[in-house]
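In what follows, a single structure is set out as structure tokens and then discussed.
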Amino acid sequence: MHLCLIEDDLALAQALSDGLTAADYRVQQVTRGDAGLHMLQTGAFDLAIVDLGLPGLSGMDLVQRLRQSGSTLPVLMLTARDATQDRISGLDAGADDYLVKPFDFNELLARLRAIHRRVSGTVASVLQSGALRLDLETRQVMQADRKIDLSRREFALLQLLLENAGRVVTRDRLETALYGWLDPVASNALEVHVHHLRKKLGAETIRTMRGVGYLLVNPDASLP
Ligand code: CA
């Protein structure tokens, strides 16, 4: 997924870029609104994150001109202001969604996934693999007809594994999903959450790929 990040706060832009890269986005950074508009109009992007207050051209004007030029590129707007009017104007200008700073990195990832699901037409709010079902709306997890209670972090972990069922998910991606990019991660924290998930879902459900990450396999196997 190729993402254009237009943000003039360099520290924030770098942190976002690092986190998004760890989450498997390909990120291009721009700090000015006018340069950002040019980049969006000439490059091939799947998504744009646009700060509201930018030098050169405001985020609002940028999105407006982008839409006037016929682009339907999904745009998530970032705003430092907490004024409802700004958000409404941003959406009116053509942004698909907005986030108010400061925001949780996981929230940003969730919004990006939601925007992507909307525009790609796959509005599925239920992730399913074998007997395992995870509902993103109700946050309910079922294994066959058994309801599974998960902590917030176990849920996030399982969500990412389910989204990539059958594929290895790297430690970096899992840790970013669990903690965002600001929290320091204890070296065994991921193992602890995986251990708890295995206890709830069955030991064979999550396979360790030594030195790489984890893999969700055959979720019907071995109910605990
Ligand atoms: Ca700014």
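Each ligand, and each atom within it, is numbered from 1 in the order the structure gives. In this text, all values refer to a predicted model and were calculated from it rather than measured experimentally. Just so it is clear, the values below take in all heavy atoms, side chains as well, and ignore hydrogens, waters and symmetry mates. Residue numbers count from 1 along this sequence.
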**Asked** Does Asp9 put an N, O or S atom under 3.0 Å from the Ca ion (ligand 1)?
**Response** no
**Message:** Could you tell me if Gln159 and Glu163 have a donor-acceptor pair between their side chains, going purely by distance under 3.5 Å?
**Reply:** yes
**Asked** Of all the atoms in Asp8, is at least one N, O or S atom closer to the Ca ion (ligand 1) than 3.0 Å?
**Response** yes
**Message:** With a cut-off of 3.0 Å, does Leu54 put an N/O/S atom close enough to the Ca ion (ligand 1)?
**Reply:** no
**Request:** Answer yes or no: is there an ion pair linking Asp96 with Arg67, defined by an N-O contact shorter than 4.0 Å?
**Result:** yes
**Asked** Can you name the N, O or S atom of Asp51 that is closest to the Ca ion (ligand 1)?
**Response** OD2
**Message:** Please tell me whether Thr208 and Arg198 have a donor and an acceptor in their side chains that are separated by less than 3.5 angstrom.
**Reply:** yes
**Asked** Any luck finding a side-chain donor-acceptor pair between Gln143 and Arg146 under 3.5 Å?
**Response** yes
